[in-house]
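Below is one structure, written out as structure tokens; comments come after it.
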Amino acid sequence: MSSGALVIGAGPAGLTSAYELAKLGISSTIIEADEQVGGLSRTVSYKGYRFDIGGHRFFSKVPLINELWREMLSEDFLLRPRLSRIHYRGHFFDYPLKAANALAGLGPIEAFLVMLSYSKAKMFPSAEETNLEQWVSNRFGQRLYEIFFKTYTEKVWGIPCNEISADWAAQRIKNLSLKEAIRNALLGAGKSAEGEVITTLIEQFHYPRLGPGMMWDCCKDLLAEKGNETVHGIKVDKIRHRKGRVESVVGHRSNGERVEFDADHFISSMPLRRLIQSLDPLPPDEVLAAANSLRYRDYLTVVLMAKREDVFPDNWIYIHSPEVKMGRIQNYKNWSPEMVPDQSRSSLGLEYFLWQQDEEWTWSNDRLIDLGIKECAQIGLVEPDEIEDGTVVRMKKAYPVYDHNYNDRVDIIRNYLETLPNLQTIGRNGLHRYNNQDHSMLTGVYAARNVVGEKNDVWAVNTEQDYHEEVRSSETEKSSTGYTKTMGDRAVPMPIVQDEADQIIQTAFARLDGVALGVALGVVIGVGLFLATMILLLKGGEFVGPRLGLLRNFLPGYEVTWGGSLIGLAEGSLLGFGLGFFIASLRNWGMMAYAYLLRRRAETEAAKNVLD
Amino acid sequence: MTTESITMAGNKQTEEISREVMRIQAGVLAMVCAVLGGLLLFTMTVWLLLKDGPGAGPHLSLLGNYFIGYSVSWFGSILGLVYGALTGGIVGWVVGSIYNLVVGFRK
């Protein structure tokens, strides 16, 4: 049994990992560079106002994660309605996109052009779907892509959409399995495998009363109660390893004091690039080069406090308008009324997506607040004299960038890290994957379970839909360790418990065996023709079977004679076999075409949420 | 492309949804074919009688070579119903049974 683990990073992934380790009876120490826990999901306080780094809906299709949330925060969840819209050139559009609303808002001429562009995309889609532009344009048309996806996405990522890998979208849409698409069609799109209605949870979401940071503060306290310390203000300098095992992590406190942590197991949520750079000794040049070329998008929020009870009804608004720099605006009070100290006030979070090299990143807080006030007025949300205070929060490496080669580089790093079996990487930055909070938490759970001998592939989370979204609650299946067994061998998805709907699909879509049907029809037609010929011959007469003999027009050599009956038997059998095989193939292809059609429809529906 | 490779490609596609190979319930198929066969011959006979009157359907009457007593007449239509059903039932049952036999053998 392990004497302990070291978890690097006290974000959702790291804390969840430590929490799961504690459940498994393994003590851990968590080290965190910041003075606050929660990472990207922390809640920042300022003069009684509380705000997120971004917005964090507590909505997950993973039952295990929903259970964990409840377990940690108990009854402190609010169920909030979701409203988000897109602002583009003075108009607000529903989000997720609705065709009628979008076309009405664009005006008749633009709407016509959009329809033309959409038709073109459907008739002549781009054969390649390697970048985001091709991926979205194929589904919505070039013109809608330019209005509703291009500007916002480029604001967020800072690179042209044709340089962003289509994985970004595909990962978030996650190509539905054919079976899933059929199941949705059978049960209704809003129902999961268990039949629970999830549509309503997309329209509403759970949210901690005091913001997501409340959960992570609570998790930290729960860990402390079990003797698992969270050490703040530790910057990692070196990760020492020898003979294929990590031995310790060396870091320093904010006062420069050097600290070293030993452990048997190491779980890291620090950015992959920094992790590789910290390894001592350094990995081979190829791995180091791969790590050095990983890029991250940085993010800052300008928070404005407004003397107004209601500014807008949305939780957040996507700002697609190219004339302003902000990408999204949050209204924290609409997430939870307790995010503001005074209900006659509102706080708005204006989100800017930047590189650290960008000029704005280095601007003073006052200058950024001025920019925020100006842009808010420019798009007509709030007047400058209504703003009574403001602050700025900067978050480095908020988004791992999916450029064209990131996947190959991550593979190189991943392969190298497999040579250090007692080091696991988790979380959004630890895996360089655009995970939401729930997926990050799931990687933490899996990593913790790997410590006790399970073989979960944390890299598969959020890439293989079945791998995580079908993970049942902890009540369903227990492993030999007494805990939920989620899967077997590495990279092998968890076998899905077959429910009634699955069984119906299995039976309804069962393959018709072409050879078997061919043989069956071959025997019936061949023997049938043979018997028909023989009966006429036995009956005899002056002219035997003149009409049946006409079959020679189709069956060469056939005639109503003793020899012809054998030819009829052979040719009839061949004809029957071909017919049976053709019917079976046609039926199987028809069923597949229907399944593909259902999946295409479901993906298009899901693609409407791609901005989230 | 050979029959086998075509079959394998088809299998791969459909396996994404279902790994099962369909079995035919021979009794049910026999019933369906019996109803179809009987109604078909009955309807064809009645249609010719209504259209052309007595003496109609010289070609359809040739089925009398196989179905003893059958002719394009009102009585023949009833006999046709029985013979069609009987033949359809046998064909359906034979097709279903042979199909299942081959599927079992190939498994």
Side-chain angles (χ1 to χ4, degrees), chain A residues 177-183 502-525 527-528 531-532 534-536 538-539 541 544-548 550 560 576-578 580-596 598-599, chain B residues 1-26 28-30 33-34 37 57-70 83-84 86-107:
Chain A
S177 72
L178 285 174
K179 195 150 70 176
E180 188 69 19
I182 294 163
R183 179 161 47 198
D502 275 340
Q503 189 51 54
I504 293 169
I505 293 167
Q506 287 276 346
T507 308
F509 282 77
R511 186 168 53 83
L512 194 55
D513 189 319
V515 173
L517 192 63
V519 171
L521 285 189
V523 168
V524 167
I525 293 177
V527 172
L531 290 177
M534 294 290 280
I535 288 170
L536 291 184
L538 289 172
K539 286 181 84 171
V544 181
R547 295 195 171 70
L548 191 62
L550 291 173
V560 185
F577 181 85
F581 190 83
F582 176 72
I583 290 170
S585 301
L586 202 64
R587 184 263 177 199
N588 292 339
W589 289 335
M591 294 299 261
M592 286 305 296
Y594 179 60
Y596 279 120
L598 291 177
R599 181 168 72 177
Chain B
M1 193 180 266
T2 64
T3 301
E4 194 179 353
S5 61
I6 292 170
T7 310
M8 283 174 70
N11 290 356
K12 272 185 188 172
Q13 272 194 321
T14 47
E15 273 180 8
E16 195 180 336
I17 307 171
S18 173
R19 288 191 174 79
E20 286 183 19
V21 176
M22 185 192 285
R23 295 292 187 137
I24 293 175
Q25 292 193 28
V28 175
L29 186 64
C33 291
H59 295 104
L60 193 63
S61 295
L62 292 174
L63 281 177
N65 285 314
Y66 307 107
F67 302 149
I68 298 161
Y70 173 77
Y83 278 125
L86 201 66
T87 312
I90 291 168
V91 167
W93 187 84
V94 170
V95 167
S97 301
I98 295 176
Y99 173 89
N100 290 338
L101 202 69
V102 177
V103 167
F105 180 72
R106 275 160 58 78
K107 219 172 174 181

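Proteins get letters first, then strands, A, B, ... in listed order; numbering begins at 1 in each.
In this structure, the portions of A:Val519 lying under 4.5 Å from any heavy atom of chain B include both its backbone and its side chain. In this structure, chain B has no heavy atom under 4.5 Å from any part of A:Ala584. Both the backbone and the side chain of A:Leu517 come within contact range of chain B, with heavy atoms under 4.5 Å apart.
With chain A as partner, the option from B:Ile24, B:Val94, B:Leu101, B:Val102 having the largest number of non-hydrogen pairs under 4.5 angstrom is B:Val102. Of the listed residues A:Leu521, A:Leu536, A:Leu548, the one with more heavy-atom pairs under 4.5 angstrom with chain B than any other is A:Leu536. For chain A, the option among B:Val21, B:Val103, B:Val91, B:Ile90 with the highest count of heavy-atom pairs below 4.5 Å is B:Val21.
To the nearest 0.5 Å, atom CZ of residue A:Arg587 and atom CG of residue A:Leu512 are 6.0 Å apart. From A:Leu538, atom CG reaches atom CG of B:Asn65 across 12.0 Å, with rounding to the nearest 0.5 Å.
A perpendicular orientation is assigned to the rings of B:Tyr70 and B:Phe67, their planes being inclined by more than 60° (bins at 30° and 60°).
A distance-only check finds no donor-acceptor pair linking the side chain of B:Tyr99 to the backbone of B:Ala26 [under 3.5 Å].
Heavy atoms of other residues, nucleotides or ligands lying less than 6.0 angstrom from OH of B:Tyr66 number more than 12.
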